[in-house]
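Quick notes on the structure that follows.
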Amino acid sequence: MSTEPGTTAFAERVKKVKPSPTLRITAEAARLKSEGVDIVSLAAGEPDFNTPDHVQEAIVKALRDGKTRYTPTSGVPQLTDAIIQKLKNDNGLTYGRNQINVGAGAKNVLYAIAQALFDARDEVVICAPFWVSYPDQAFLAGARPVIIRTREADGFVVHPEVLRKSVGRKTKAIILNSPGNPTGAGYTRDDLKAVAEIAEECGCWIISDEIYEKIVYNGFEHVSIASLSPETCARTVVVNGLSKSYAMTGLRLGYAAGPEELIRNVNMIQSQDVSNAPSIVQWGGVAALTGDQSCLKTMVAAFQGRKDYVVGRLNAMEGVWCFEPRGAFYVFPRVARYFGMQDADGTELKDSTALAGFLLKTARVSLVPGAAFGGDEYLRISFATSMDQLKEGLDRIEDALGRLKPGPHYANYQVHLEQKRF
Ligand SMILES: *Cc1c(COP(=O)(O)O)cnc(C)c1O
């Protein structure tokens with residue numbers, strides 16, 4: 001006699017994790033689009049540019065040359081060397097071949113790092129608003145994410161006193177993301193020094209996600225925290241990838257650099273998991289890192305123009321405040337003044353999720369509620385789309401917000417929000 005496995009058949013860990021909300025919203029907007037609904041998508045977490053020609057060609061050539069076999073888990077040596085050279089040239093960091101890990105995207109690399117470092121009872125310090133996968137990857141390793149808030153007034157950079165109070169004996173790592181998704185926060189050298197000092201005091205790791213290092217604005221200079229001193233370098237794992245800089249999101253290529261023993265363990269985890277990043281894409285990675293960088297300039301110049309436009313438009317809207325991002329391709333406008341307002345049907349919009357739902361339904365604009373990133377007073381708008389789409393999307397948002405009216409509990413909502421602010 002056979003018995004059906006019930007829900008108890010699933011592991012405890014899946015109960016703590018949720019599917020990536022950004023991927024879910026992108027999928028929902030795609031579904032509406034396929035049904036013929038005219039959606040303006042401002043939810044995407046990827047550049048709208050094509051993978052540069054020379055990178056495409058290198059991948060096709062690798063395919064034709066039969067480079068379709070397994071590679072070493074740590075990547076083909078030519079890629080490892082290209083990464084070492086990149087880290088030296090761009091970041092002033094010196095690593096040997098045994099200090100580089102290559103994976104199927106930065107997300108995969110971060111996952112393997114979490115598996116190599118975190119145990120049950122470990123605490124992982126994450127600054128909110130955060131990239132969606134950090135807490136879930138910590139959960140999946142059995143660890144406890146400790147979420148600390150950053151303030152818009154501090155440019156969404158963590159305040160050293162807040163960080164110092166949040167670390168302790170159980171802290172295994174601090175995750176840093178500069179330039180940051182979703183806020184566009186950019187840590188200066190001094191900001192990084194403060195974080196490094198606290199990590200030093202507490203004796204924890206620093207996981208530095210630098211995937212947006214090339215996408216920066218108004219002269220913001222990206223500094224890798226690992227470059228501050230040999231002591232800081234020895235407790236830091238630098239994570240980077242080609243998805244954002246070289247418009248290669250679907251191709252899956254990311255890497256990490258850090259102390260040899262840590263990288264050996266990360267490689268070991270991956271040897272039991274993906275084995276290696278896609279072989280032909282690794283050759284595309286060599287071309288991207290060693291080839292002409294003008295594709296980057298073109299893309300960043302376009303992003304800069306769009307950012308200026310979007311920030312200007314949002315700040316001109318009643319009840320919306322928008323921080324000027326230092327990097328990445330998102331804005332994170334504060335929209336909490338609309339909480340407690342009602343739509344035409346009398347439905348009260350109680351939080352960012354309700355507001356994003358309202359904008360999808362009424363304005364036919366898809367964007368991501370701030371709650372997904374641990375910042376419920378905000379929405380995330382991606383400007384990795386054409387100027388025409390941005391203009392249309394912002395027109396629709398402005399029009400839809402303008403139609404909202406304060407509901408019966410509006411004042412309570414606003415008082416409550418004021419009390420929660422710090
Ligand atoms: C997109 C993104 C990643 C993951 O990038 P992949 O290399 O495509 O896996 C990691 N961190 C942040 C902050 C991101 O926005």
Side-chain angles (χ1 to χ4, degrees), residues 19-26 43-49 51 55 75 79 83 86 100-114 124 126-138 140 145 150 156-158 173-187 206-216 222 224-225 237-257 266 270 273-274 276-278 281-282 284-285 288-289 299 303 325-332 368 370 372-375 380-384:
S20 163
T22 41
L23 295 184
R24 187 171 47 77
I25 285 157
T26 313
E46 58 187 344
D48 55 319
F49 290 82
T51 306
V55 176
L79 178 59
I83 292 166
K86 181 256 167 244
I100 306 295
N101 160 268
V102 170
K107 187 186 273 184
N108 171 237
V109 169
L110 285 161
Y111 183 83
I113 292 168
V124 181
I126 297 167
C127 304
F130 48 76
W131 181 55
V132 292
S133 294
Y134 301 139
D136 291 275
Q137 291 193 344
L140 283 168
T150 62
F156 294 109
V157 165
V158 68
I174 299 169
I175 301 183
L176 205 64
N177 176 211
S178 173
N181 172 7
T183 61
Y187 282 65
I206 300 168
I207 299 171
S208 180
D209 179 349
E210 304 181 10
I211 197 156
Y212 292 103
E213 72 161 318
K214 300 285 186 186
I215 305 172
V216 291
H222 169 79
S224 175
I225 192 166
V237 54
V238 175
V239 177
N240 210 323
L242 287 86
S243 284
K244 311 290 161 62
S245 307
Y246 300 98
M248 290 172 67
T249 44
L251 295 169
R252 314 309 298 134
L253 191 60
Y255 58 91
V266 173
Q270 283 189 334
D273 182 8
V274 291
N276 59 260
V281 177
Q282 293 188 41
L289 293 174
M299 187 169 77
F303 283 150
R326 309 234 152 81
F329 39 67
Y330 315 96
V331 285
F332 205 57
V368 188
F373 309 96
R380 190 190 75 171
I381 293 177
S382 163
F383 50 88

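For the single chain, residues carry numbers from 1 onward in sequence order. When a ligand or atom number is given, it counts from 1 through the structure's own listing order.
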Sorted by chain and number, sequence neighbours left out, side-chain hydrogen bond (donor to acceptor under 3.5 Å, both in side chains) with Y246 holds for Q293
With sequence neighbours left out, the residues meeting ring-ring contact (aromatic ring centres under 6.0 Å, His included) with Y134 are W131
Residues which pass side-chain hydrogen bond (donor to acceptor under 3.5 Å, both in side chains) with T249, listed by chain and number, not counting sequence neighbours: E46
Gap separating the CZ atom of F303 from the NZ atom of K214, nearest 0.5 angstrom: 15.0 Å
Give a yes or no answer on whether the side chain of Q137 reaches the backbone of I113 with a donor-acceptor pair at less than 3.5 Å. no
Give every pair formed by an N or O atom of ligand 1 and a protein N or O atom closer than 3.5 Å, one pair per line with both atom names and the distance to 0.1 Å, or write none.
from, atom 1, to, atom 2, distance (Å)
ligand 1, 7 (O), A106, N, 2.6
ligand 1, 7 (O), S243, OG, 3.2
ligand 1, 8 (O), S243, OG, 2.6
ligand 1, 8 (O), R252, NH1, 2.7
ligand 1, 9 (O), A106, N, 3.1
ligand 1, 9 (O), K107, N, 2.9
ligand 1, 9 (O), R252, NH2, 2.8
ligand 1, 11 (N), D209, OD2, 2.6
ligand 1, 15 (O), N181, ND2, 2.9
ligand 1, 15 (O), Y212, OH, 2.7
ligand 1, 15 (O), K244, NZ, 2.9

Describe, in one word, how the ring planes of F373 and F332 are oriented to each other, choosing from parallel (under 30°), tilted (30 to 60°) and perpendicular (over 60°). perpendicular
